4 protein chains.
Amino acid sequence: MRADARDNRARIMAAADNVFGRSPGASTDDVAKLAGVGIATVFRHFPTKTDLLEAVLTLRLERIRDRALELAGSADPGTAFFEFFTQVVSESASKLAIAEALSAAGAAAGEEAREAGRGMREAFGGLLAAAQKAGAVRADAQFPEVYALLIGASRGATAAELDPETRDRMLALVFDGLKTLS
Amino acid sequence: MRADARDNRARIMAAADNVFGRSPGASTDDVAKLAGVGIATVFRHFPTKTDLLEAVLTLRLERIRDRALELAGSADPGTAFFEFFTQVVSESASKLAIAEALSAAGAAAGEEAREAGRGMREAFGGLLAAAQKAGAVRADAQFPEVYALLIGASRGATAAELDPETRDRMLALVFDGLKTLS
Amino acid sequence: MRADARDNRARIMAAADNVFGRSPGASTDDVAKLAGVGIATVFRHFPTKTDLLEAVLTLRLERIRDRALELAGSADPGTAFFEFFTQVVSESASKLAIAEALSAAGAAAGEEAREAGRGMREAFGGLLAAAQKAGAVRADAQFPEVYALLIGASRGATAAELDPETRDRMLALVFDGLKTLS
Amino acid sequence: MRADARDNRARIMAAADNVFGRSPGASTDDVAKLAGVGIATVFRHFPTKTDLLEAVLTLRLERIRDRALELAGSADPGTAFFEFFTQVVSESASKLAIAEALSAAGAAAGEEAREAGRGMREAFGGLLAAAQKAGAVRADAQFPEVYALLIGASRGATAAELDPETRDRMLALVFDGLKTLS
DNA sequence: AATGAATGAGCCTTCATTCAT
DNA sequence: GATGAATGAAGGCTCATTCAT
């Protein structure tokens, strides 16, 4: 039974990620239907809709953090930093929800999500520090504004539904502002 | 009655601007209550909730456009451009709704709102062109990505609830990317 | 001003007759619009929607009564009776409202409408009595069932949206039942 | 749960039959209250008020059809026909709704109700044909006008709120028109 | 543990009716 | 006297959440 339950939980979260990513106002029933379980099962795993939302948010934040951690070991910290930045913004463009997850990372209500946000920001902070140390990013840029830029670029790409070329040109502008002045 | 009605209409729009600015999912009743009118009065002026939303959106877009047009006559196009950019982002920071208005400017459903969005983008485009002609903004930056940057910065500032100093430092980074390379 | 008011009243009643004839659930506003007056004017003339409905009903009943009275003087009472019966049913077929007026004639709430119903039934009763006296309608048929038949035929024609030929054949059946047995 | 749900559904339909029979414009809430369930339960079983109305209509039509089918096997087709006619009209007299169901049987919107109407008319047509074959009903009467007569008599009885004696005398007149001329 | 049914609060919208010009 | 604006009380319908199987 444990395995079954765990399986259901995963299916529900995947469905929720999908559904809420497309339309944030979707109903819990939509999630249940897509997950192929009864609605009561959803509420058994997540007593509140908010709980479900937070679980999804947490998962997303952790995924982003993991991406950062993977790149953290890279030999070229500058490339790693810009690569991460680009990836996050690119995916935001196609997944409305990631951008929102990023902004919610700060104000998130639940403890778990807040913790995930902290972890993600920390990992990104590590990437930034390394890139600065390596001279790829200007040293006077502090974390808060760089992080705000990441959020902003993500949300801008999402909201404007940019085509990839425009998105890349936008990032080029942002990166020019971030790079060490020669 | 004409005067009274016009007055009410204005009060309703102000209330809607306020309420929807705080929580986009607010009910029409909330708007009515804040405006101090009965709910039927709101529906008399705006037959549909969508109509009300669009009227608010249109108003916001027009206000931003007007700001752009005011600055268009400025003697110093570079300053005018950056000043406008800063103002829009600053206000977004405190008014969630402006950022959303900016992003909705593209995909807005209603004809009126779409037209307002067009007007606003045009005015901003004028500011950008002048600034580029004056050599204040790099010539290879095209409108779409600069506009995306404006939206992104606004949304980023809003979502992250930045304090003014951080916001200014974020804008400094963005502006450094936009400025003509020396 | 008296003339103006009377004119408006007539226009409102005509509009109401029209509108309610088509869709019984129509709003008072629809009536006002069709009449070309403000809604408050309608309520000035008819303090309640029920009042308006009753006035329309009364008018219709009076019209039917007048038709009966016109035919009452006819030289051939049998023809007059069947002619009247046919006319009422035919018009019901195309004007939903007449059939309803006829059925409402009994239970109508307002004194005025009730009086109009009484008058109409009396006139129809006169037609029936004369036709029976002339030997055209069987003598054992009493008013209540003949009147019920008039209502029924009208409503049946209306509800079933009969084409004229079927309607006539239906009436032929009814009339065969009403005629004096030879 | 299946049993409970089926039970509730039946209770809701019974309540709807009752409520709409008395006042066709009744609210869904009235139905729910009479059925002793929450309003959402009504909407769970019938997603739209129209759906509920149609379900009730269908049920009524099917009941009438069943009555016709029962009588179809009778040894005396003439009696069977007139018996059916009388029964339908008698019940209409006390149940406004049946008469309306009958007229709606032609134009009903939903496929299910339309099908039920078809079935009912067919069964009634069988009764008529048999009665004609047996010489109890005049051979020149065609189905459409006889059916219109059934509807009309039902609606007339309902609308006029006839007492049983008058209703029977009205039917006697109708039947005299339908019987084979001797 | 999983399910589908039930529930009431809430939302958008309409309408008869009343005010103020 | 005529008008358009304002109003609150429904009404249809949805949704997060709770029960009972």
Side-chain angles (χ1 to χ4, degrees), chain A residues 1-9 25-32 36-52, chain B residues 1-9 12 25-32 35-52, chain C residues 1-6 8-9 25-32 36-53, chain D residues 1-9 12 25-32 35-52:
Chain A
M1 282 304 149
R2 193 67 136 287
D4 206 33
R6 195 172 298 180
D7 200 51
N8 267 346
R9 193 187 155 91
S27 79
T28 311
D29 220 68
D30 291 339
V31 174
V37 302
I39 190 177
T41 304
V42 176
F43 276 89
R44 166 171 291 274
H45 284 285
F46 306 93
T48 275
K49 193 183 187 184
T50 302
D51 290 337
L52 174 56
Chain B
M1 271 305 148
R2 196 65 138 287
D4 209 30
R6 195 172 296 180
D7 203 52
N8 266 344
R9 193 187 156 94
I12 290 169
S27 80
T28 310
D29 216 67
D30 291 340
V31 174
V37 302
I39 191 177
T41 303
V42 176
F43 277 92
R44 159 172 277 273
H45 285 284
F46 306 93
T48 277
K49 192 183 187 183
T50 303
D51 289 337
L52 174 56
Chain C
M1 281 303 151
R2 192 70 135 285
D4 208 32
R6 196 170 298 181
N8 267 348
R9 194 188 154 92
S27 80
T28 310
D29 220 67
D30 291 339
V31 174
V37 303
I39 192 178
T41 304
V42 175
F43 275 90
R44 166 172 290 275
H45 284 286
F46 307 93
T48 276
K49 194 184 188 184
T50 302
D51 290 337
L52 175 56
L53 248 10
Chain D
M1 272 303 149
R2 196 64 136 289
D4 209 30
R6 195 171 298 179
D7 204 51
N8 266 344
R9 193 188 156 92
I12 291 170
S27 82
T28 308
D29 217 67
D30 291 339
V31 174
V37 302
I39 191 175
T41 303
V42 176
F43 277 94
R44 159 173 275 274
H45 286 282
F46 306 93
T48 277
K49 192 184 187 183
T50 301
D51 290 337
L52 175 56

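Since the model is a prediction, treat every value here as computed from it, not as a measurement. Throughout, protein chains are lettered first and strands after them, A, B, ... in sequence-line order, and every chain is numbered starting at 1.
- Applying the 4.0 Å criterion to OP1 and OP2 of F:dA6, one finds that B:His45 has a side-chain N or O inside that range.
- Nearest-nucleotide assignment on DNA chain F puts the 5′-proximal partner with C:Thr41, out of B:Val42 and C:Thr41.
- Residues D:Ala35 and D:Ile12 share a closest heavy-atom pair of CB-CA, 3.9 Å.
- Listed by chain and residue number, C:Arg11, C:Val37, C:Thr41, C:His45 satisfy the side-chain contact (heavy atoms from CB on, under 4.5 Å) test with C:Asn8 (two or more places apart in sequence, or in another chain).
- B:Asp29 pairs by the side-chain hydrogen bond (donor to acceptor under 3.5 Å, both in side chains) definition with B:Lys33, not counting sequence neighbours.
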Original post:
Would you write out the dot-bracket form of DNA chain E, 5' to 3', with Watson-Crick and G-U pairs under 3.5 Å, [ ] for crossing pairs, | for pairs to other strands and . for unpaired bases?
Top reply: .||||||||||||||||||||

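- Residues satisfying the side-chain contact (heavy atoms from CB on, under 4.5 Å) test with C:Phe43, not counting sequence neighbours, are C:Thr28, C:Ile39.
- OP1 or OP2 of F:dA6 sits under 4.0 Å from a side-chain N or O of B:Asn8.
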**OP:** For each nucleotide in nucleotides 11-18 of chain F, reading 5' to 3', give B when a protein heavy atom comes within less than 4.0 Å of its base, S when such contact involves only the sugar-phosphate, and - otherwise.
**Re:** SSBBBSBB

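- Taking the side-chain contact (heavy atoms from CB on, under 4.5 Å) definition, one finds that C:Leu53 meets it with C:Phe20, C:Lys49, sequence neighbours left out.
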